Amino acid sequence: MTDTPPTVFVLFGASGDLAARLVLPAFYRLAQERLLPPRWVLVGSGRRRLSDDEFREHVHGVLDQFGPKPAEGPWEEFAPRLRFAGDGFSVDDPGQLLDRVGEAEDEIGDGDRTAVQRVHYLGVPPTAFEPITNALGAHGLAERSRVVYEKPFGTSLAAFRTLDVAVHRVFDESVIYRIDHFLGKEATQQLRALRFANGLFGSAWDRNHVAAVQIDVPETLDVADRASFYDGTGAVLDMLVTHLFQVAAEIAMEPPRSLGADDIAQARADAVKAFRRLAPDEVVRGQFAGYRDIDGIADDSDTETFVAAKMFVDSERWRDVPFLMRTGKMMAESHQKVTLVMRDPDDGPYRAAGGSGGGADIPVRGNVVCFDLAGDGALAISMNIEVPGSQSELTTQWTQITLHDVDGGDPLPPYVRLIHDILLGDRALFTRPDGLEEVWHAAGAALDRSGALYPYQPGTWGPAEALRLAEPVGWALGG
Ligand SMILES: NC(=O)C1=CN([C@@H]2O[C@H](COP(=O)(O)OP(=O)(O)OC[C@H]3O[C@@H](n4cnc5c(N)ncnc54)[C@H](OP(=O)(O)O)[C@@H]3O)[C@@H](O)[C@H]2O)C=CC1
Ligand SMILES: O=C1O[C@H](COP(=O)(O)O)[C@@H](O)[C@H](O)[C@H]1O
């Protein structure tokens, strides 16, 4: 990245879970791949005071835990570029941040601070987005800057609008990057490629061929180490109306005019506009047994750790096709699967479920297209074929492509990809306010905590009510 200007990254929330598991490892991977600007400094910001050396020790520790291991990359070169600014950062008090950014700019700007670009990364809870944004404006740090917001961008329609106005008071839309890292996953890019680069799949991408779409992200993960953040957020905000909705938009979109950033973001925003508002009987919220016993969780918390939803998309392409979405913590298995369950043929010699054809039964959910968003990603297709040697008996067989094994490919973890895009100024994989505004309309009953909260046992597939929601097609994964 030789032509990128010297850059100061400010990482708000540098001591948090996101920074440890995803952002700091992504920086190190970018350094490994020589994809960072030639001159850069990262200033971690926090409310506690840490010396630079203590912060470096922290970063070393998280790399040891989450990788890439320090010894696998240029640690000796990387470490001195890490700094820490404590005492918080607010309109009234910039803490140590202003001074630390100034020092860094003097150091890498070659005598010209104005040549240095700033990237402010807000890896903090959503309630901190507005105060930090205001402080960036108040202390002159918004100039020469790109700004990155983690999800969720707002927690309701009203909060979204307030935040949107506040952010635009300080930053122009062209420098705002709202991250939804599911859009940066390698397998999410394959949704577009499979459909738009293959006539067979492109022509089947509609209500005439697809019986149901499923976006299923069960997690075995606990929330104990981020209890207070999670209890204030819950599965609907943390996953459903953020990651799962954005993936749904990628599937539902009409063909973009080009693969350019504006056209893709427009197609995604238009798709969200067509999401029908979720009704109460289309949402199941659950909470795993034992959640309220976790330290930091209120005894009477009604935060959901599980949500399943059945959404419809009001476009000619998708009319009446259910988009089933499910996610939860402490579930039976961890997956990140997008499945298009293809329709059985209406007529012909085989017998579809409930049909009257005279031949062998067509296996239930036998013909599906599946994208595995986890890790490096994979795509798989199952087909109904005749059991060789049998008398027309049908069975289902899978064929799979793991993206790691694609010749010439080098899959990048989503945060690596997205931070690299921010440095390049490419906003294709980031969300836009018009699309997000519609998210809050579509979220409807999912946001309203007045409905039932069903208990479920850890290690299961969630409440039985969620199984009923998926009838008659049924969830492709688990129970
Ligand atoms: N963890 C994850 O897997 C993912 C998280 N996210 C998003 O990232 C953001 C941070 O999440 P996560 O790291 O899990 O949360 P954490 O609870 O770990 O918080 C991150 C850090 O933010 C700082 N912080 C907390 N409250 C405030 C505040 N009011 N003002 C300023 N700073 C504050 C704290 O640092 P200090 O005490 O040093 O100031 C804290 O360590 C959220 O928006 C979340 O939705 C997105 C994708 C994945
Ligand atoms: O944003 C989040 O995502 C993770 C799951 O994403 P992964 O691809 O990094 O495994 C989820 O566990 C977390 O609760 C949520 O905040």
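In each ligand, atom 1 is the first atom listed, and ligand 1 is the first ligand listed. Just so you know, these numbers come straight off a predicted model, no measurement behind them.
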- prompt: Does Ser228 have a non-hydrogen atom less than 4.0 Å from ligand 1?
  reply: no

query: With side chains defined as the heavy atoms from C-beta onward, is the minimum distance between Phe78 and Tyr28 less than 4.5 Å?
result: yes

- request: With atom 22 (O) of ligand 1 as the reference point, say which of Gly16, Ala19, Pro125 has the nearest heavy atom.
  value: Pro125

message: With salt bridge (charged side-chain N to carboxylate O under 4.0 Å, His left out) as the rule and sequence neighbours excluded, what pairs involving residues 443-453 come up?
response: Asp302-Arg449, Glu304-Arg449

query: Does any N or O atom in Leu22 lie less than 3.5 angstrom from one in ligand 1, N or O only?
result: no

query: Which is closest to atom 16 (P) of ligand 1 by heavy-atom distance: Asp17, Ile132, Leu11?
result: Asp17

message: As a check for students: among Met239, Arg49, Glu150, Arg48, identify the option with a heavy atom nearest to atom 46 (C) of ligand 1.
response: Glu150

message: Within ligand 1, which atoms have a heavy atom of Pro126 less than 4.0 Å away?
response: 43 (O)

field: Member of Phe129, Phe430, Phe12 meeting the ring-ring contact (aromatic ring centres under 6.0 Å, His included) criterion with Tyr149
entry: Phe129

Atoms of ligand 1 close to Phe229 [distance to a heavy atom under 4.0 angstrom, numbered from 1]: 17 (O), 42 (C), 44 (C), 45 (O)

query: At a 4.0 Å threshold, what atoms of ligand 1 neighbour a non-hydrogen atom of Ala128?
result: 28 (C), 29 (N), 30 (N), 31 (C)

- prompt: For atom 42 (C) of ligand 1, which candidate among Thr233, Leu18, Val124 provides the closest heavy atom?
  reply: Val124

query: Counting from 1, what ligand 1 atoms have a heavy atom of Gly46 closer than 4.0 Å?
result: 38 (O), 39 (O)

Listed partners of Arg365 passing side-chain hydrogen bond (donor to acceptor under 3.5 Å, both in side chains), at least two apart: none

query: Is there a nitrogen or oxygen of Phe129 sitting under 3.5 Å from a nitrogen or oxygen of ligand 1?
result: no

- prompt: When only distance counts, is Lys151 in polar contact with ligand 1, meaning an N/O pair under 3.5 Å?
  reply: yes

- prompt: Does the ring centre of Phe312 sit less than 6.0 Å away from the ring centre of Phe323?
  reply: no

query: So which bit of Arg47 gets within less than 4.0 Å of ligand 1, heavy atoms only: side chain, backbone, both or neither?
result: both

task: For ligand 2, list the protein residues that place a heavy atom within a distance below 4.0 Å of one of its atoms, sorted by chain and number.
output: Lys151, His181, Phe182, Lys185, Glu219, Leu221, Arg226, Asp238, Met239, His243, Lys329, Gln336

query: Looking at ligand 1, does any of its N/O atoms fall within less than 3.5 Å of an N/O of Ser15?
result: yes

query: Heavy-atom distance under 4.5 Å between the side chains of Arg83 and Glu107, does that happen here?
result: yes

task: With sequence neighbours excluded, tell me which residues meet ring pair (Phe, Tyr, Trp, His ring centres under 6.0 Å) with Phe55.
output: Phe84

- prompt: At the 4.0 Å heavy-atom cut-off, does Tyr415 count as touching ligand 1?
  reply: yes

task: May I ask you to test the Tyr177-Val119 pair for a side-chain heavy-atom distance under 4.5 Å?
output: no

message: Which residue and atom name correspond to the protein heavy atom nearest atom 21 (C) of ligand 1, and how close is it?
response: Gly13 CA, 3.6 Å

field: Six-ring centre of Phe201, Arg195 cation under 6.0 angstrom, axis tolerance 45°
entry: no

field: Close-contact set for ligand 1 against Pro152 heavy atoms, below 4.0 Å
entry: 45 (O)

message: As an exercise, identify every atom of ligand 1 less than 4.0 angstrom from a heavy atom of Gly123.
response: 9 (C), 10 (C), 20 (C)

message: Assess whether a salt bridge exists between Lys329 and Asp222, defined as any Lys/Arg side-chain N lying under 4.0 Å from an Asp/Glu carboxylate O.
response: no

- request: Applying ring pair (Phe, Tyr, Trp, His ring centres under 6.0 Å), run through Tyr456 and Phe306 and close with a yes or a no.
  value: CA-CA 9 Å; Tyr456 63 98; Phe306 171 100; 5.5 Å; yes

query: Is the Phe245-Phe275 ring centre distance short of 6.0 angstrom?
result: yes

message: Tell me the contacting part of Arg21 for ligand 1: side chain, backbone, both, or neither, using a 4.0 Å heavy-atom threshold, strictly below.
response: side chain

field: pair Gln246-Thr431: side-chain heavy atoms closer than 4.5 Å
entry: yes

Ring centres under 6.0 angstrom apart (Phe9, Phe27): yes

field: Close aromatic pair by centroid cut-off 6.0 Å: Phe89 and His139
entry: yes

- prompt: Can you check whether Arg226 has an N/O within less than 3.5 Å of an N/O in ligand 1?
  reply: yes

query: Below 4.5 Å, heavy atoms only, C-beta onward: do Arg417 and Gln189 meet side chain to side chain?
result: yes

